[in-house]
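Whatever order the structure lists ligands and atoms in, that order sets their numbers, starting from 1.
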Amino acid sequence: MASSAMSDQLQGMVAAVTGAGRGIGRGIALVLASRGPAVSVSDIDSEAAASVAGEIEAAGGRAVASEVDVTDVGSIQTWADSTISELGKIDICVPNAGVIGAAKFNERKDYNSDDWRLTWGINVQGMVNTTDVIAPHMKERRSGKIVNIASHGGRAPRGVAEPGRGTVQIPYAVSKAAAIQFTHLLAIELGQYNINVNAVCPGRLWTPMWEAIALNHKALNPDLAELSAKEIFDRNIKATMPLGREQTPEDIGKAVAFLASEDAAQITGQALNVNGGAILN
Ligand SMILES: NC(=O)c1ccc[n+]([C@@H]2O[C@H](COP(=O)([O-])OP(=O)(O)OC[C@H]3O[C@@H](n4cnc5c(N)ncnc54)[C@H](O)[C@@H]3O)[C@@H](O)[C@H]2O)c1
């Protein structure tokens with residue numbers, strides 16, 4: 001695959017990405033692979049993971065695919081062990097798997113206990129499970145880059161809550177705030193092992209996740225009844241992003257690649273917004 005000068009730094013590395021069967025995780029896997037690393041692609045959807053690994057291989061990169069449920073520590077351990085045995089090591093760990101909410105999220109104004117259980121279980125505990133399994137390997141090697149995928153929704157209420165909007169997005173935003181704080185705190189502990197821990201906070205991307213949010217806006221706002229989910233998304237982007245355009249999975253992948261590179265050697269414990277300026281720190 002083609003590579004650029006900056007990303008030659010990533011040559012010879014091995015990256016492990018969760019939730020990489022589609023959307024942002026797929027974009028991260030493809031960008032990393034294009035810059036040198038072999039990629040261990042995992043997802044709860046094994047066919048999707050295999051398809052992304054196939055794309056990487058077809059483009060001349062190296063990839064393996066695994067079915068992994070990040071709520072199941074045993075499944076992450078099996079994946080990490082097989083990645084290390086097949087690819088030799090893990091240099092870059094990207095806990096990306098995430099969910100917006102539980103069943104019928106699209107239709108509800110307010111959260112239920114399943115929204116809390118799922119967003120906490122996957123977005124927070126799943127991230128913790130992934131780093132718990134992979135960090136010991138990095139500690140032993142005294143080298144590693146962990147790049148958590150959080151959200152700018154974990155930083156500020158804009159776009160998540162407004163008077164009368166309902167509470168359905170609150171569990172997700174709280175889980176992402178926890179992901180950011182987990183990133184800060186883990187960085188303090190792992191710095192002594194030469195492990196950098198950072199987060200990328202994506203803004204808004206047209207993936208199945210944001211389609212669910214747009215459908216939720218449509219269900220709750222009669223003014224949006226005539227618009228498609230994509231039109232609602234486009235309006236939201238124009239109204240909220242100073243740069244006036246949505247982010248792509250590749251935009252997020254490029255930020256991950258930077259944080260995984262030696263150019264970012266002195267950056268740890270940070271959460272980097274990649275959001276077109278929609279929410280400022
Ligand atoms: N789309 C956005 O606008 C946006 C914005 C900010 C942050 N994010 C974050 O980016 C990440 C990816 O989001 P996306 O938009 O690509 O979502 P998506 O729904 O398109 O993809 C999520 C992927 O995670 C996988 N997954 C779900 N549960 C899993 C589990 N238990 N174990 C392993 N894999 C599982 C799914 O199968 C899917 O492939 C998430 O953490 C999300 O919160 C997305």
Side-chain angles (χ1 to χ4, degrees), residues 16-30 40-53 65-76 78-79 94-102 105-106 117-130 133 147-156 158-160 169 171-180 182-183 199-216 229-230 232-233 236-237 240-241 245-253 255-256 271-276 278-279:
V17 187
T18 68
R22 71 179 194 201
I24 291 175
R26 172 177 168 273
I28 294 167
L30 294 177
S40 185
V41 177
S42 76
D43 202 287
I44 197 167
D45 178 342
S46 59
E47 279 182 28
S51 156
V52 172
S66 299
E67 178 178 330
V68 172
D69 177 352
V70 297
T71 66
D72 174 359
V73 176
S75 116
I76 302 171
T78 303
W79 170 52
V94 189
N96 161 78
V99 290
I100 187 73
F105 165 88
N106 298 357
R117 186 176 55 76
L118 278 173
T119 55
W120 194 264
I122 297 170
N123 303 357
V124 185
Q125 189 65 58
M127 174 176 284
V128 172
N129 292 342
T130 306
V133 166
V147 187
N148 294 320
I149 304 305
S151 168
H152 73 173
R155 287 209 127 120
R158 188 173 172 192
V160 173
Q169 281 198 57
Y172 175 79
V174 170
S175 76
K176 292 299 179 176
I180 292 169
F182 177 62
T183 301
V200 173
C201 298
R204 299 190 182 95
L205 294 88
W206 184 245
T207 68
M209 181 173 284
W210 230 96
E211 186 174 11
I213 297 170
L215 289 170
N216 180 264
K230 182 65 165 62
I232 292 168
F233 174 77
N236 184 292
I237 297 300
T240 61
M241 302 224 149
R245 55 187 188 271
E246 70 197 81
Q247 292 75 60
T248 65
E250 290 72 24
D251 291 327
I252 309 308
V256 171
L272 175 65
N273 289 342
V274 180
N275 68 355
I279 289 174

Minimum heavy-atom distance [X]-[Y], with the two atoms named:
| X | Y | result |
| --- | --- | --- |
| Ala150 | Ala199 | CB-CB, 4.4 Å |
| Ser151 | Ile180 | O-CD1, 3.9 Å |
| Asn273 | Arg155 | OD1-NH1, 2.6 Å |
| Ala29 | Val41 | CB-CG2, 4.4 Å |
| Thr130 | Trp79 | CG2-CZ3, 4.4 Å |

*Name the one of Lys176, His152, Gln169 that satisfies side-chain contact (heavy atoms from CB on, under 4.5 Å) with Val160?*
Gln169
*Hey, which of Val99, Ile213, Ile100 is the one that makes side-chain contact (heavy atoms from CB on, under 4.5 Å) with Tyr172?*
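Of the listed options, the one satisfying the test is Ile100.
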Can you list the atoms of ligand 1 that are under 4.0 Å from a heavy atom of [X]?
| X | result |
| --- | --- |
| Met209 | 15 (O), 17 (O), 42 (C), 43 (O), 44 (C) |
| Val68 | 32 (N), 33 (C) |
| Pro208 | 20 (O) |

Looking only at distances, please establish whether an N/O atom of ligand 1 is found under 3.5 Å from an N/O atom of [X].
| X | result |
| --- | --- |
| His152 | no |
| Arg204 | no |
| Val70 | yes |
| Leu205 | yes |
| Asp69 | yes |
| Gly25 | no |
| Ser151 | no |
| Tyr172 | yes |

_At under 4.0 Å between heavy atoms, is it the side chain or the backbone of Lys176 that contacts ligand 1, or both, or neither?_
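Within the 4.0 Å criterion, Lys176 contacts ligand 1 through side-chain atoms alone.
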Would you say [X] touches ligand 1, if touching means a heavy atom closer than 4.0 Å?
| X | result |
| --- | --- |
| Gln247 | no |
| Asn96 | yes |
| Ala150 | yes |
| Gly203 | yes |
| Gly126 | no |

*Closest approach of any protein heavy atom to atom 15 (O) of ligand 1, naming residue and atom*: Thr207 OG1, 2.5 Å
*Could you tell me whether Trp120 atom CH2 has more than 12 heavy atoms of other residues or ligands within 6.0 Å of it?*
no
